[in-house]
Amino acid sequence: MNEIPKNFDYKSSELKWQEFWENNKLYESKPNPVKKKFSVVIPPPNVTGILHFGHMLNNTIQDIYCRWKRMKGFEVCWVPGMDHAGIATQVMVEKELAKQGKTKYDLGREEFIKLVWQWKEKNGGTILKQLRKLGASVDWSKERFTLDDVLSLNVKKVFVDLYKKGLIYRGNRIVNWDPASQTAVSDDEIFYEEKNDKLYFIKYKLEDSDDYIPIATTRPETLFGDTAVAVNPEDQRFKQFKNKKVILPFLNKLIPVIEDDYVDKEFGTGALKITPAHDLNDFEVGKRHNLEAITVLSKDSKLNELAGEFSGLEIIEARKKIVKRLKEMDLLIKIEDLTHNVAVSERTKAVIEPYLSEQWFVSMKQLAQPALRVVKEGEIKFFPERYEKVYYHWMENIRDWCISRQLWWGHQIPIWYHKETGEIYCETDPPADIQNWNQDEDVLDTWFSSWLWPLSVFGWENSEKDATNETLNYYYPTDFLSTAPEIIFLWVARMIMAGMEYTGKIPFSEVYFHSTVRDGKGLKMSKSLGNFSDAIELMDKYGTDAMRFTIVYLAPLGNDVLFEEEKTQIGRNFVTKLWNAGRFLIMMKEKISEDNIEQNKSYNADLIDVWIESRYNSSLADAEKFLSEYRLNEYSKALYNFVWSDFCDWYIELLKIKIANSPENAVRIIDTALNYYENILKTLHPVIPYVTEELWHSIREGRGEQSISLERISESDKGNIDQKTEDDFEKIKEIVTAIRNLKINNGIKASLPSDVTLVSNSDESKVLLNLFSNYVMKLCSLKNLNITEKFTSEKEFATAVISNFEIYLSLEGTLNIEKQSEKVNKEIANLTMYIVGLNKKLNNENFLQKASAEVIAKEKEKQSEANNKLEKLQKLII
RNA sequence: GGGCGGUUAGCUCAGUUGGUUAGAGUACUACCUUGACAUGGUAGGGGUCAUUGGUUCGAGUCCAUUACCGCCCACCA
């Protein structure tokens, strides 16, 4: 056997196992009707993506479940892949082009797309390499990309299908227009910025008098598109304007005064100009009152020909000039400062222009119904549960989905317009006489391919063939989805809708929304804030296992993870501890075989064996329970505590003594320990894959198994959980701690052999102690341990009381009487307070009447125990 | 503005249907280079459970209120 280094050399070992797993195709899955399956699809990261803490957490979680289920005997299939990420990718390539002083128009659509593909092949997919480093046990043979042929065909099929069902329509809608990239962006691709602006108060004169309605606006330049002035129906100030018309400045056009609840009486003047083509709310008002929507801005945010003398001007300049002219015409009342939120494009940072344009929409109401039902009826469960409410609210108020994007990178819309007749053709394949048709220029929203992901990765094709598609029928619906809460609507809800619409089945049964990873102060990690740690760098520095363990240990269900580099010590130290425990056991095993002492054939399990068996099964049961509840931090803590405290601090320490005491049982003892250690490695493998694999091979050297990840984790055996033994053991631990405590507090070196007398009247306790006296002596460095019923002595002793034991530590002249009695007095004081409280409770008639008999009995027992202890303590003082 | 979470030791979190003197890890302090591990061992100090009020024999736990933090939705011209 090779010398085992003091620390795990993760740098070389990680790569070794990662390649081993992949080259041997350990995680490739095939439908296996004999086994239960566990299938998961990865939330496809952007092809431009780089692994950050969110990915690390999310993929570690998925890997934990996949490895755990695999080791529980499931046929596990975890499908990896990437998303083409329309805007992100296109913007990235456009930036590269810009460095060469070129734009995409210089290349043309076809060449540009070629270039993006080249970029993808060369630079894309970094994140998949990083997933390998993370140890993700995905099935690489099933890797998919949302622009793969099959997936693209699915996208087209679904578009055509929904179009023919009348669920996709073209409409004039206000969209968030990004003037910089010249495309509509979704609500999720914009953010709001607080901005200081001006609020202009303008007179709109009545047609037949000199009276006017004062309106307030931040955007006077859009007045050319005004088609009404609206007031609140309850606003008494404007009653006389009801059914009247006002004159639009510059154009001298008459527009009606209308009443609508939408208008806030308190804001501005209480009268609002309505510009349906350039404001979302105005558009809604316009629809209610049948108003015309007049576009006065061009796509690059300049006033168009309707603006007369101002046409061709940029917004800001036009605004200045218009205000100046209004003032000259005595139509400007005043200008106020105003702070308000302005929508900004996430990608280009340009101010979003609400713009009326022709876009393609999916009608959502009908699709939402079944998707709402399956969550309400519990067919799909969310963790944490509260996201169900969020989901209901959104689904019940769902809006139509704008799916067209004015981009080149993505799935081009399968719609062709006849050059002459304008007729619309919608099929997956182009029309035969293609020269007479123009295809719609737009591409589909990236989420239009992602919402089919759980179906399309398994070869679904929306045809009769699906019924006999073994892969699809075996793996779909998937079992588990782990994702970020931000994309509950963008992605999760839509996958449920697509699943229900196309298969009548849910796409997954449980959804876990993982924590948001923040910095130590609770701020979201971002490059601009500079509080961004590089996940990969830290993996290199501390080891992947340490990072995986730490981040899971820190992630409570439903709360954020506050991550700081120094916290990585939790995982690093634990991995080291695990490593060294294994190293020690292997060394012991070697040493024992070298000693070559004849072994006893019969070995009877003792209390320590029963205890560790019980603790192992309890911990395993806890771990499983926490996993099933998605309480990952508790799961990792349960294992951490078992390994560190029970196994290393107590079991291994006891084992050293046990072997020294009975070398004729050494082989049996160390083999038992190694067996537990193997079990520990297995239960930890899902969260700490590399170290456990490495150690497992060290332990089982020459026995030919492939990988620990293909081993089985046994069921936790409730029958082997022995609460009585665990309680007894706690008593021993208490006594050991108390004796050590006495030594330290009396200035006796821990290693100095001392005499201790334990006094107890309980036969049961004495039997227990006698069994362990040898261990207690070693653990506390005693030269004598006397167990008796009565004890008196003239010598000086340090004393303590633990449950039904009195402990006397011989001081042999080192006594510190003051310190000693101070300690006991303090304990007596505390105990007395406690007893007073109990007495009060037990003398309270109300309590005796209303509390359950069980509770009362419990309280009485506490009382007598406390009195008992008090009595013993008082005796010590005298 | 509407909705939803959270607030327990310096920090990160547990705390079951109300019933011990509220627990753990970490950080801190002291001691220990004991033949796996100083990325270690042993022990110790540290909390009026955010506020106020209520229900109850009994509240960290249930109800209400306020404050602060966070998230989601909407975005007011």
Side-chain angles (χ1 to χ4, degrees), chain A residues 4 6-7 187 192 199-200 215-219 230 262-264 266-269 271-275 279-282 338 340-343 384 386-387 389-390 393-394 397 485-486 488-489 516 518 520 522 524 542 546 553-556 558-564 566-567 569-588 591 631 633-634 637 640-641 644-645 648-649 652-653 656 736-737 740-741 743-745 747 749-751 779-781 830-831 833-835 837-838 841 844-852 854-856 858-859 861-862 865-866:
Chain A
I4 300 169
K6 221 167 162 182
N7 288 301
D187 290 344
Y192 289 88
L199 185 63
Y200 303 92
I215 61 100
T217 179
T218 52
R219 307 205 54 192
Y262 163 70
V263 183
D264 178 355
E266 308 301 320
F267 190 89
T269 62
L272 173 65
K273 76 185 197 64
I274 300 295
T275 323
D279 183 281
L280 183 62
N281 289 301
D282 289 8
L338 176 76
H340 66 157
N341 287 336
V342 176
R386 73 181 131 90
Y387 283 109
K389 276 193 212 161
V390 179
H393 184 258
W394 190 76
N397 299 286
E486 299 97 272
I488 180 170
F489 308 130
T516 305
R518 297 169 179 282
K524 209 162 186 167
Y542 297 101
Y553 187 92
L554 293 175
N559 280 320
D560 293 340
V561 174
L562 305 184
F563 184 87
E564 290 166 296
E566 60 180 44
K567 288 186 178 162
Q569 289 171 13
I570 299 168
R572 183 196 57 179
N573 294 359
F574 182 57
V575 167
T576 307
K577 187 75 181 178
L578 179 70
W579 177 263
N580 278 298
R583 182 170 147 251
F584 172 68
L585 292 177
I586 294 168
M587 274 165 48
M588 280 296 270
K591 189 171 164 289
R631 299 169 64 184
N633 62 334
E634 294 295 320
K637 263 169 218 169
Y640 181 98
N641 289 339
W644 205 307
S645 162
C648 292
D649 290 348
I652 289 187
E653 291 309 312
K656 291 176 185 169
V736 168
T737 302
R740 283 168 172 167
N741 196 339
K743 283 178 104 172
I744 274 193
N745 284 326
K749 263 192 132 180
S751 52
L779 292 173
C780 300
S781 297
N830 285 341
L831 200 58
M833 291 277 285
Y834 174 54
I835 291 169
L838 280 173
K841 192 184 254 186
N844 183 338
E845 296 251 341
N846 274 326
F847 173 72
L848 295 174
Q849 262 173 34
K850 295 186 182 171
S852 73
E854 204 181 321
V855 170
I856 294 172
K858 233 178 177 178
E859 296 296 308
E861 199 188 316
K862 282 184 226 158
E865 260 176 34

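All values derive from a computational prediction rather than experimental measurement. In what follows, chains carry the letters A, B, and so on, assigned in the order in which the sequence lines appear, proteins first and then strands, with residues in each chain numbered from 1. The figures that follow rest on heavy atoms only: side chains count, while hydrogens, waters and symmetry mates do not.
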Determine which bases of RNA chain B form Watson-Crick or G-U wobble pairs with both distances under 3.5 Å, and write the result as a 5' to 3' dot-bracket string with | for other-strand partners.
-> (((((((..((((.....[...)))).(((((.......))))).....(.(((..]....))).))))))))....
Phosphate OP1/OP2 of A36(B) contacted by Lys656(A) side-chain N/O (<4.0 Å) = yes
Phosphate oxygens OP1/OP2 of C4(B): is one of them under 4.0 Å from a side-chain N or O of Arg386(A)?
-> no
Among U42(B), A14(B), C37(B), find the nucleotide with the atom closest to the side chain of Asn633(A).
-> A14(B)
Ignoring backbone atoms, test whether Asn741(A) places a side-chain nitrogen or oxygen under 4.0 Å from the OP1 or OP2 oxygen of G44(B).
-> yes
Which sits closer to the 5' end of RNA chain B, Thr737(A) or Met587(A), going by the nucleotide each is nearest to?
-> Met587(A)
Give every pair of a protein N or O atom and an N or O atom of nucleotides 22-28 of chain B that lie under 3.5 Å apart, one pair per line with the distance.
{"residue": "G25(B)", "atom": "O2'", "partner": "Tyr553(A)", "partner atom": "OH", "Å": "3.2"}

Using atom names, set out every protein N or O paired with an N or O of nucleotides 75-77 of chain B below 3.5 Å, distance rounded to 0.1 Å.
{"residue": "C76(B)", "atom": "O2", "partner": "Asp264(A)", "partner atom": "OD2", "Å": "3.2"}
{"residue": "A77(B)", "atom": "OP1", "partner": "His340(A)", "partner atom": "ND1", "Å": "2.8"}
{"residue": "A77(B)", "atom": "O5'", "partner": "His340(A)", "partner atom": "ND1", "Å": "3.1"}
{"residue": "A77(B)", "atom": "O3'", "partner": "Thr218(A)", "partner atom": "N", "Å": "3.3"}
{"residue": "A77(B)", "atom": "O3'", "partner": "Thr218(A)", "partner atom": "OG1", "Å": "2.4"}
{"residue": "A77(B)", "atom": "N6", "partner": "Asp264(A)", "partner atom": "O", "Å": "3.0"}
{"residue": "A77(B)", "atom": "N6", "partner": "Phe267(A)", "partner atom": "O", "Å": "3.0"}
{"residue": "A77(B)", "atom": "N1", "partner": "Asp264(A)", "partner atom": "N", "Å": "3.4"}

Can you name the ring-ring contact (aromatic ring centres under 6.0 Å, His included) partners of Tyr200(A), sequence neighbours left out?
-> none
Residue pair Ala555(A) / Asn633(A): nearest heavy atoms and the distance that separates them = O-CB, 3.5 Å
Side-chain contact check for Lys749(A): nearest option of C11(B), C13(B), C32(B) is C32(B)
Please determine if Lys862(A) and Glu859(A) form a salt bridge, counting it only when a charged side-chain N lies under 4.0 Å from a carboxylate O.
-> yes
Heavy atoms only: give me the nearest Leu831(A)-Ala866(A) pair and the separation to one decimal.
-> CD2-O, 3.7 Å
Go along nucleotides 15-20 of chain B 5' to 3' and tag each nucleotide: B for a protein heavy atom under 4.0 Å from its base, S when only backbone or sugar atoms are that close, - otherwise.
-> S---BS
Can you label the angle between the Tyr640(A) ring and the Tyr553(A) ring as parallel, tilted or perpendicular, going by 30° and 60°?
-> tilted
Set of residues satisfying side chain to side chain contact (heavy atoms under 4.5 Å, CB included) with respect to Ala230(A), sequence neighbours excluded = Ile258(A), Val263(A), Ile274(A)
Could you tell me whether Tyr387(A) contacts a base, only the sugar-phosphate backbone, or nothing, with contacts defined as non-hydrogen atoms closer than 4.0 Å?
-> nothing
So, is Lys389(A) near the phosphate of C73(B), with a side-chain N or O under 4.0 Å from OP1 or OP2?
-> no
Closest to the Glu653(A) side chain: A36(B), A14(B), C4(B)?
-> A36(B)
For Ala750(A), answer base if it contacts any base atom (sugar-phosphate contacts may also be present), sugar-phosphate if it contacts only those atoms, and nothing otherwise; contact means non-hydrogen atoms under 4.0 Å.
-> nothing
Any N/O donor-acceptor pair, Lys577(A) side-chain to C37(B) base, under 3.5 Å = yes
Measure from the side chain of Lys567(A), starting at C-beta and using heavy atoms only, and say which of C11(B), C37(B), C72(B) lies closest.
-> C11(B)
Give the nucleotide from the list C4(B), U39(B), A36(B) with an atom nearest to the side chain of Arg572(A).
-> U39(B)
Note: Lys743(A) and Cys780(A) closest approach over all heavy atoms is NZ-O, 2.8 Å
